[in-house]
Amino acid sequence: LFNQPLQDDEYKSVVISGLAVLGMREDDGWLDAEDYTPKYSAVIKLARLMVVQEAYERRREAIEQYESRGLSTKRAQEKASSHYVLTRGLVHAFMTIAHDRKDPTPMQWLYRSRSYRFKIRYTTTAEGKIQWIGGDILYPHMRFSMTKFRSMVHGLVGEAREELFGKLMMVKMSADQEVDMKQVPPIHWDKMVDQPSETKVGWSFLVNERNQ
């Protein structure tokens, strides 16, 4: 499918026609560049993986053929083309931009179309998705108030304190998750210093003599 030359009509290619179908939304509209470009990248990545798999299979088959002719396994492996040579041949055949007067392949169409969509994606301002209604926030399919948002943050802070003090440092906490700071060593954050230009392996601000 990826080695099919594109001549008069690129949509005769099953790959390109299939990608056109993937660009349709459920409401019969078209996906925008921001949502559609990753599909091109996924197809290109899978094509590269299939090329490596094909090279592996060809080398394995070549080794089996040489062994069937009476060669030892070691000699068959030496005589068969390497994975690098096989992969390079497949890549030059249909994974790169057309050259040597060859017709373009679906991969060239994918590369060019993805580059064009990248240009759109990274030069177009994204549509707004957040809406305020009084004290409530609407984000595509969610609606919540700032009070709920703050309570979520407070909950995360509380869970982090419990993990740090209760489970890591084994410090007793009150019912309100308060900690008696006499139980933990003091850390003078305002007096901490670092040396950003230090490149020694294993260096950190903890070994800085000014923090001792």
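Just so you know, residue 1 is the first one in the sequence shown, and it goes up from there.
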List for me each residue that meets side-chain contact (heavy atoms from CB on, under 4.5 Å) alongside D194, sequence neighbours excluded, and say none if there are none. W203, F205
Please name all residues satisfying salt bridge (Lys or Arg N to Asp or Glu O under 4.0 Å) with R60, sequence neighbours left out, ordered by chain then number. E57, E64
Heavy-atom closest pair (Y66 atom, A76 atom, distance to 0.1 Å) is CB-CB, 3.7 Å
Applying side-chain contact (heavy atoms from CB on, under 4.5 Å) to R114 and not counting sequence neighbours gives T37, Y40, S41, I44, Y111, F118
Do L22 and M24 sit in the same hydrophobic cluster, where Ile, Leu, Val, Met, Phe, Trp and Tyr count as joined when their side-chain heavy atoms come under 4.5 Å apart? no
How would you list, by chain and number, every residue that makes a salt bridge (Lys or Arg N to Asp or Glu O under 4.0 Å) with R59, sequence neighbours excluded? none
Exercise answer: donor-acceptor pairs, residues 132-144 side-chain atoms, under 3.5 Å, sequence neighbours excluded:
unit_1, atom_1, unit_2, atom_2, d
D136, OD2, R143, NE, 3.2
D136, OD2, R143, NH2, 3.3

Would you say that more than 12 heavy atoms from the other residues, nucleotides or ligands in this model lie under 6.0 Å from the CD1 of I130, or not? no
Taken in chain and number order and not counting sequence neighbours, the residues that satisfy side-chain contact (heavy atoms from CB on, under 4.5 Å) with K167 are E163
Under a single-linkage definition using a 4.5 Å side-chain heavy-atom cutoff for Ile, Leu, Val, Met, Phe, Trp and Tyr, are L49 and V43 assigned to the same hydrophobic cluster? no
Please list all pairs passing the side-chain hydrogen bond (donor to acceptor under 3.5 Å, both in side chains) test where one or both residues lie in residues 146-156, with sequence neighbours left out. none
Residues clustering with V52 (ILVMFWY side chains joined when closer than 4.5 Å, directly or via others): none
Would you say V15 ends up clustered with M50 if hydrophobic residues are merged whenever their side chains have heavy atoms under 4.5 Å apart, either directly or through other cluster members? yes
Are L46 and V51 linked, directly or through intermediate hydrophobic residues, by side-chain heavy-atom contacts shorter than 4.5 Å (ILVMFWY only)? no
Could you list the residues that satisfy salt bridge (Lys or Arg N to Asp or Glu O under 4.0 Å) with E61, not counting sequence neighbours? none
Measuring from atom CD1 of I63 to atom OG of S68, what distance do you get when rounded to the nearest 0.5 angstrom? 12.0 Å
Sequence neighbours left out, what passes salt bridge (Lys or Arg N to Asp or Glu O under 4.0 Å) with R25? Give chain and number order. D27
Which pairs pass side-chain hydrogen bond (donor to acceptor under 3.5 Å, both in side chains) with one or both residues in residues 70-87, sequence neighbours excluded? E67-T73
My understanding is that only residues two or more places apart in sequence, or in another chain, count here; which of them pass side-chain contact (heavy atoms from CB on, under 4.5 Å) with V193? N208, R210, N211
I would like to know whether L19 and L110 meet side-chain contact (heavy atoms from CB on, under 4.5 Å); could you show each step before the answer? CA-CA 9 Å; L19 286 169; L110 276 171; 3.1 Å; yes
